[in-house]
Every structure is written in C-alpha cells, then in structure tokens.
Amino acid sequence: MRAMNMKKAISKTQLLLATVVALTLLLTPAAFAAAPGITGPTFNLTARPAYISQPDGSAVYSWGYGCSVAPSGFAPALTGATCPNMQVPGPTLIVTEGQTVVVNLTNNLPNPAGNTSILFPGFQVTATGGVNGLLTREAGRATTNNVVHYTFVASTPGTHAYYSGTQGDLQVEMGLYGAIIVLPASTPAVCDSGVHASNLTAQGHWGETDFRLAHAAYNHPGACYDREYLFQYSEMDPRIHRQAEEQSTRTCTNCMNVATEPYLPAYFMINGRSMPDLMDPNYAQEYPHQPYNGNPHMHPGELTLLRIIGTGRWQHPFHEHGNHVRVLARDGNLILSANDPSSLAGPLLFTTTTTPGVTMDGIYYWTGKGLNWDPYGHNAASGSTLPCTPDANGYNTGAPNAINYFEWCQDHNKPLQTHPFGDVAGGGPATLPDPNIFANGPWFGGSPYLGPDATVRAVGNTGTTPPSGTVANPPDSEAGFAFMWHSHNEREITTNNIFPGGMLMMMLVDSREFVIDESN
Amino acid sequence: MRKMSPLYLSLVLVVVTTVAASGQSFQVQCPTATITHPFHAAAGVACSQNPTAPGCNNNEPAYTAATTLTAGANGYLVPTANVNGAIKCQQISGGDGFATMGDGSQTYLFAFGPLSGLADMSNGLPGTQFPNVFNDVAPPLVPGDPATTDGASQAPYSLGDPSVFTYNGAVGLASDLDAIASGACTPDALGRCLDGHVDTRQIMDVGVLNGNMPAPLMAIDEDDEFFLTLTNVGQVMRPDLFEQHTVHFHGYPNASAFYDGVPDASVAINIGGSFTYYYLAPDAGTYFWHCHITPPEHLQMGMVGQLYVRPRQNRVPGGTSLYAALQTQQADLRTKCDSSDILCSNPLPAVNTGATGGAKYAYNDGDGTTRYDVEYPIQIHGFDPNFHFVGMTFNPEGFTEMKDKYFLLNGRSYPDTVHNGPLATQTTDGVMHYSQPMSAIINIPAGGRALLRIADLDVTEYQTLASLGIPMQVIALNAKLLRDQAGNNLYYNTNSITLAGGESLDVILDASDTTKYPSGSVFYLYTPNLDHLSNDAENFGGLMTEVRIN
Ligand SMILES: [Cu+2]
Ligand SMILES: [Cu+2]
C-alpha cells in the first residue's frame, strides 16, 4: 500500500523529533485533496489512448481527454499541477457563471475507434467543425475534420458532467468523461462572516492555505462551504479494454467491433483510481494519466462541499461514514422549498447513490455533537483543559486559535472512561478494553480521542499497543478520527477480486493542531 | 499490500491472533447508573430494592422538558432535573452458524447471534434490555438455547414452545466472587456481584454456532445510553480463519472513529475477546448495523442487522401538543433543529396541526404525521450460494462474479417469509438453533397504520420492493424525516421503493380505509425484479411477503 508506506516513513521521522520538542506541527504528513482542475474559459482538449494503472499491478488500455496545449491556468494552485494529453477522468474544467466557454476537441484516438465528441448536459451548446454526429458534431478522422468546437455559456453554477456523445457504451467505458465546475458569479455575504470567517481565521492561525475554488457552491446562503472535494465514480470491465486494445492497431477506420455485453466490471474507481492508489497525492508521478485523488480531510465544524458525479453504467451506493450529507443540488439545479426559496429542500443522506450522468452537490460536516463524552479528553482535575464557551448553537466558535475550536461544549470535560488513564479523567460510563486483545488498524489514531494533544496525554506518543498498527494516522502528530467512505455494494471495494481496493477512501477529521495541507 | 489475496490476509491474522489473544477476556458492561443517568429516584426509594421505580433507569420516563444541565463538581455539566431516557444493554456473539433457505437448503453464515434477550428475540423482538433485566444470572443453559429448551425439533418450522424459555438477561454473567472477597464489590440483595464478570463456558455453550440472519435486532430510545457488547466466540467451521469482527452503527451522525467499527480506523475484536460499544442514542430513525471486517465477505455471509431509535415524541404525555413538545426539544441544544444547522431534518412543521401525543411515531414530527399502530423492521438482503459454499471451505472467494440467488426479507425467502415465529436450523453440532427469528408477515389491525422500517444490506445490487394494494407513503430516507428547511413535509406516495445496500427508508402503509382494506384481506409486498422471485433453482419464491389486515 503505497500511501501507507510513505506515511510510515514520515511518522518515524516524527517520532525522533517528538522526543526533542513537544507534540505537533513538526512535520505533518502530507494531506492531499481539494478539487483541482484547469481554468479557461477556452479549453483545448484532445482524446487519446494511454494506459492507466491499477493497484493489482495492471496497466489498463484506456481512452481519455487531455490538454492538447498547456491550459490557461490551474485552480486551485497545487504543487506539480499538470494537464497531460490524456487523463482519466478528463481535466476538470473550472469556469465562472456567465462565461462563454469554448472547448476545441481534437480526435487523436486510433483510427479504428472512429469519431469522438463531448456532450455538456445542462448547457445550450453550439457545435462547429468536425463532422455531423447523432447527438452533436463529432471530431472525425481526417486532418480536415478531426477538430470540433463547442461553445456554450456557463449559465448555471454547480458541478456538471461532460462525456463522450459517440458510442457511449464503449467510449465512456474507455474513460472519456470529466467534470465542469461552474463557480457562481457572486456569493452571499454570509459565506464570509460568522463561523465561515472564524474558520478562515483558524486556518490562518495554523498556517493553512485556503484551497477553495469559491466560498459558495451557489449564490444561496445555504450553499456556503469551507472545504471541497470532487469525486467521479466509474467502473471498468477489463475484457472490453482488452478488445479495444487488440483492435486499436488495425489499419481500417471506424471499424472496432467490441462486445460491451455481458458487462462484468472488475475495477471500481473514484477519480480514475482505486484504493489505495486513490489516496496518493494529486498529480503523483506514479499515475501520469490519473492526476486526481480522493483523500479528504476536514476540521470539526467545517462545511465540506462534496461534488459527486456518476459516470460509467452502474449506480453506486456511496456511504459516507461519520455523518449525513445535505444534498444541495442535482445536475446544477438547487433543490429549494416550494414556498420558501431561502430554505433548502434536498434530502439528508448517509448513502449518496451515484447514478451515471447525474451530478450532486452536497454539504457534509463533523462536530462530535452528541457523543456524550469529550473527544479532546480534557481533564479538569489535572488542569489539562481549555475553555469551551458555547455559542448560540453550543459550539466553541469564539476561540479560532484554540485546539478545541468548534468543540461541542455540552460534553466538555465529560469523561468517557470509567477508570482514569494517563492524563485523562475517569468517572465515565465505559470500561476500555485491554489493548492486547485487539488488532489496531493503520488509520487508528492510537486512542479513543481526537488529536495528538489528547492522544498523547491519554496513552503516550505511540498510542495503545500494538503500535505497528497506527502508521497512516500517527498518534503524536495527527490522531484524526478516520471514517471510511466507500461503496456499500461492498464487492465494489475490491480491485479485480482483491480486497481492499476499489471505491474506498478514508476521510480524516483532524483536530486543529494538525495542519491540513491540500497543496498536492 | 498490493497483491494481498484474502487467503494471505487470513494468514496475517493468524499470526497476529496467536500473539495477541492470550488469555480469555470475555466480559459485559451494563452500568445501572452513569453521569447522564444517575439514580434520581424519589426520596425513600432504593433502586436496589425497587429497580423499576421511576428514576432507576430501568424504564422510559415521560418527556416533559429538556434535561436541566448544571455545572457539576468535576468540571462538566451534569443533569439535575428532567433526566430523560434510560440505560439499555445488549450482548451479541460474533461467530458462525447456518440458516435455512426458501428451498430447504442450509446455508453457512458468518454471523452474529444473541447473547442477551434470548426469549424476546425468539419472539422476533429486539434483544435490547434495561439494566435490571440484562444484569441477571441465567438458569442452566444448553447449546442451541432457546430452541433446545423450547423443544424445537423440526426444521425449519420449529415445533418448540417459545413460552418455555423466558430468560432475557445476559448470557454468561456470573457473580464476581473475587471482587466480593477483595471487598471491591458490595453484593446485591441476592448476594451477587454482577460487575461484568462472565462464565466463559456458558458463553461458549450458547454462543457457538448460534448465528442469526438477520443479526440480532436492536432498538433504543432517544436519550438512552446504549452499551453493546460484542463477544467473539470464533467460527467452528473455519478454524483456519481467526476472524475478527466489529459493529458499525450505520448512519450514526457525528460518530466517533473509535466506536465506528471500522477496523482500519479503530480496533477489531479477536476471538476470545469482548468489546463494549458505547453510544448516546442519536436522532430517532431507522438505522442498521453490520460487521466492518472485510465487508464484501462478512456482509455477504450474513453479518447484518437492524437497528432503530424511537423518538422522544413517543414519550410525550397523551393530550400534550406535539408542536409544543417539539418546541420544548429545541431548548436542548443537542437536539435543537433549525436552519442554522444544515444537517437538521426535523424543524418545526410549517403547519401546527394541533395533534397531541399519546401514540407511537417514527420521528419527532411535531404534527403527528408519522404516527403508526404497528411497526416492522424489514431487512432486504441477498445470498450468493456459491460464495457461501466457498466460505465454508478453505478457499479464497472471488468478488467480481458474486451473484445473489437467494433474496431475503428478514433473512427469509418466500414462502418462509409468511411463516409465524422463528425458523430453526440444525447445525453441525447436531443441535437445533433459532437461525432466523424474525417473521416477515406484516399484520395490520383493521383501520390501522403500519410503519415499515426498511433497510437494505445487499452487497451486490439494487433491489426494488413493491406493494400490491396499499400505497407506500415514504416519510423518511436514510433515518431522516423528509421535510424541507421551511417545515414542509415532503412525504410521497408510491407503490415501490428501490434501495441499494447501505440505504434505509421508512414507509407507512395506511390501512385506515376499512372499505378498501377490510379485515381479513391480504396484500403482497414483492419485488418487480422478477428474477429475484426465486430461491436459487426454484423459480417461485424470493423477495415476497404478505400484508394481512387483521
Ligand atoms: Cu462502511
Ligand atoms: Cu465480521
């Protein structure tokens, strides 16, 4: 597991340093995410073949959109951002509401594949050049017609899909799909005040950079957010890709005859990658044609925007552990109350089903409200506590520079454990187990508590035994609460029959002293 | 871990287990009082003498006001008046077992089984108990209980008498003589010290091969503290495996990673170990639970159960305005629900209907619209017989070609779905076990309303359940009331619902029109996925059951 090994190395360094200086902020393991893409409003794309990498070691012949020339820019500004000439998913196109978007697509697929094209559902598209096609104009095979031009006004904000409109059962399966993010032309002032302002203050205090594309997904007070991630779901049947590869070297044109049924996918991907590759950095060099990752992190209380797109053919019941998601919009259409447009009306879901061609914007957060014990392990008896001053909703939001910013104050200082342990008070309801009879997972933070301060006070720098377990979420530097986000068609959390794999990622809720760095 | 096969994974676990699991460490936890639920009985009442007296945490008090929290001596808030809810406890085994399919064949399970509430569970009820019931010493128990003591003998429809076996306390709980001797524990009125110490032999006698499908039903009330003990008794049929198990409370808002049951993010329970999960009940709703070890395998093999949380509104005294009661709940910041919280689903209703309390409700609706007379947890699932067969052998299973051939409602296929009472299966120990305790018949009193708490835990595909006759009113999705932020109910009528594994919803079958739905009539719930109306090779059966108007 590549990501884990890398983090293991970092955490060992940290252990050495931790003996010299007290906890935190020495060397944070890189956390990677954001919703990266390229900016326009003119995009020069190409459709090309290349091999994408899967964690079972296979290189799967695929087709993808890429940049034919360097894009106008990248957003957000991440380290190592590139736009290769073929990638899966295609480049995320980031534009602003009202802009006139131009996409010039050049067909560089092998001759046997025939024409190709792009559909932009939800937009009024004018297509020129290329050749006539069924659903839109297509980029043909001859040098005189292999470029097609699509022009449309980005009329509605939100997350949108784009994908091939030519022989979709084959071309979308092969990887010809991507995302368009339309940022609202203006955002409500409320998104820059109150807790959103203090969240930003907290980020600044700990040296975090703001990687948001905007401060609201829509121009609506219910659509403010503090962090964002984009997930595109697809699956692959390797037998289809093998047939296409075999036929790609034929000398004829538009002559592929690939059986796309019966359909038996073996790879289940998010952003073109499967677990554990999925959690490696954006633009990681190991995956030259799969630049986008899935490795979400957030702090308590931050409203996190999930931009979700279904591609491929199947629905996938994606389960977000830890809390519900409020669905804001479907296919870029806000879902509002019929008689009160200031009120949201989308459902609250703990499983956000992805459907081919359908996009969803939703808000998730985690605060620990209602646990009935203090996740920071504050010990009033020893003085290892911080103030918690409830705001109107009960959260400690008046102290953005504190570790326990956004703590749920009703449980402040309230013990979990029956018996005191380390610098954590007893008197609570639960007798914690003898760690020797349990196996610890790689994302276990080393104790029941959130953050290195609480964990180190409770059980020391290495967490509870066996210490070999906690490598991806070290007790003395991160000790986040890790939640699995995964397809609940559980056989889809496998890669070609190997578990774990597929549509699975760990989402980390990190206490404030851990710096979430989304720079790659 | 790039090329880790399931078999290789198993080998790793063998090594870990043999090192780690020295010494048995079964135990249960069920405190009689806590910070949140102190004894608060009236003056002169001793809870030790009158365990069911008000204020002894063994019953649900009426909900009349938000709990008063006051700064206590230890630096945190403590309740000083209007203590709401109670303490609930449950124990389950993690291991294996066998179930009987609709075509009569027996299927191997990785499974959870009941280790508390045994008598209740054999009657299709939750195994969740108040402390005064849970904390007890069992009469002598034998393998297969309660089926053995009941005299169950004929599979799958037991001829046993479920009234013979009545014990609902924890299996294995025994007086801690050492603690009495050392003075660490003061014996109760019966001279016992029940501090969680257990007799391992009794747990093994009852827990081995007692797997249930669905896994034991859990039900708690809002404001309850819930102590769920998972005891890993091992898998008799797979001595090579040393499987760990966990409990994931699916859909719990603001869960902690520690108690979320994901082995990658927390701890996993080895054979010979017990672990007690602790939660304050979340918002009312239909959740579910399952093991989170190697989910494609353990869920397919049967480690999936039902779990629901009843609303405070059930405890609002008759005659009290439900609207006013919901306003009262807003006084508790923990359950305050308005547009300041984007994940709030039950704000005050847009219309005050004037409805008053005294009935049963699915949610804190404030308008009485989720009222029901009877409730039925319905679990949709699917079994791939090939996978289950391979699961009993020592070979690694494939995931890509997993294909369900049995389609289950509460662990049964038609016609077993319309059999009353538990199904019994003889396992490899030669003993009958109640393998599938929950019937799937929906009995509605004439003129009544039934709440179906439907959860799907299929691991391979979406399934549709349709109603012939009575329309389905969908009132909630994923344990959240369907209501917009302005308070408008977004319920909708339909004759079918479609769910994937990992989803739940609540449906009301309203039979209040006795002309349309007269006493004695029968309607069907069935799947229009017609290939799911089969039991493996038999082409009649599967995902179907009856709705009977009584
Ligand atoms: Cu899960
Ligand atoms: Cu399990």
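Computed from a predicted model, the values in this text were never measured in an experiment. Letters A, B, ... are given to chains in the order of the sequence lines, protein chains preceding strands, and every chain is numbered from 1.
Classification of the A:His321-B:His292 ring pair by plane angle, with boundaries at 30° and 60°, yields perpendicular. Classified by interplanar angle (parallel below 30°, tilted 30° to 60°, perpendicular above 60°), the ring pair A:His488/B:Phe288 is perpendicular. Between B:Tyr259 and A:Trp373, the angle of the ring planes goes over 60°, which puts this pair in the perpendicular group of the 30/60° scheme.
Rounding to the nearest 0.5 angstrom, the gap separating the CG atom in A:Asn489 from the OH atom in B:Tyr462 is 6.0 Å. Expressed to the nearest 0.5 Å, how far CE of A:Met484 lies from OG of B:Ser266 amounts to 11.5 Å. One finds the CG atom of A:Asn323 at 5.0 Å from the CG atom of B:Leu343 (value rounded to the nearest 0.5 Å). Within the model, atoms NZ of A:Lys369 and CG of B:Leu280 stand 12.0 Å from one another, a figure rounded to the nearest 0.5 Å. Expressed to the nearest 0.5 Å, how far CG of A:Asp340 lies from CG of B:Asp484 amounts to 7.5 Å. Here the CG atom belonging to B:Leu477 is positioned 9.5 Å from the CG atom belonging to A:Leu348, to the nearest 0.5 angstrom.
Most heavy-atom pairs under 4.5 Å with chain A: of the set B:Glu461, B:Arg483, B:His250, this distinction falls to B:His250. Contact tally against chain B (heavy-atom pairs below 4.5 Å) for A:Pro221, A:Ser343, A:Ala380: the top residue is A:Ser343. Note on A:Pro429, A:Ala482, A:Gly501: by heavy-atom pairs under 4.5 Å with chain B, the leading option is A:Pro429. Among B:Thr34, B:Asp458, B:Ile269, the residue making the largest number of heavy-atom pairs under 4.5 Å with chain A is B:Ile269. Your options are A:Ala345, A:Pro448, A:Gly394, A:Gly428, and the one with the most heavy-atom pairs under 4.5 Å with chain B is A:Pro448. The greatest number of non-hydrogen atom pairs below 4.5 Å with chain B, out of A:Tyr364, A:Tyr449, A:Phe268, A:Trp408, is found for A:Trp408. The residue among A:Phe350, A:Trp366, A:Trp314 with the most heavy atom pairs within less than 4.5 Å of chain B is A:Phe350. No other option in B:Asp283, B:Ile35, B:Val267 has as many heavy-atom pairs under 4.5 Å with chain A as B:Val267. The choice from B:Gly72, B:Cys344, B:Gly273 that makes the most heavy-atom pairs within less than 4.5 Å of chain A is B:Cys344. When each of A:Thr385, A:Asn393, A:Asp374, A:Ile335 is checked for heavy-atom pairs under 4.5 Å with chain B, A:Asn393 comes out on top.
Put simply, the side chain of B:Asp264 never gets that close to the backbone of A:Trp443: no donor and acceptor are under 3.5 Å apart.
Using a 4.5 Å cut-off between heavy atoms, B:Ile342 contacts chain A through both its backbone and its side chain. If you measure heavy-atom distances from B:Asp384 to chain A, you find no contacts under 4.5 Å at all. Heavy atoms closer than 4.5 Å to chain A are found in the side chain of B:Gln29, but not in its backbone. In this structure, chain A has no heavy atom under 4.5 Å from any part of B:Ala350. B:Thr276 does not touch chain A: none of its heavy atoms, backbone or side chain, sits under 4.5 Å away. Using a 4.5 Å cut-off between heavy atoms, B:His290 touches chain A through its side chain atoms alone. Only the side chain of B:Phe227 comes within contact range of chain A, with heavy atoms under 4.5 Å apart. A:Leu328 touches chain B through its side chain: at least one heavy atom from C-beta onward sits under 4.5 Å away, while N, CA, C and O do not. Looking at B:Val262, the atoms closer than 4.5 Å to chain A (heavy atoms on both sides) all sit in the side chain, from C-beta outward. Using a 4.5 Å cut-off between heavy atoms, B:Ser339 makes no contact with chain A at all. Only the side chain of B:Leu490 comes within less than 4.5 Å of a heavy atom of chain A; its backbone N, CA, C and O stay farther away.
In plain terms, the two heavy atoms of B:Thr400 and A:Arg491 that are nearest each other are O-NH1, 3.0 Å. Pairing each heavy atom of B:Gly75 with each of A:Asn413, the nearest pair is O-ND2, 2.8 Å.
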side-chain contact (heavy atoms from CB on, under 4.5 Å) assessment of A:Phe499 paired with B:Glu297: CA-CA 9 Å; A:Phe499 172 87; B:Glu297 177 186 47; over 6 Å; no
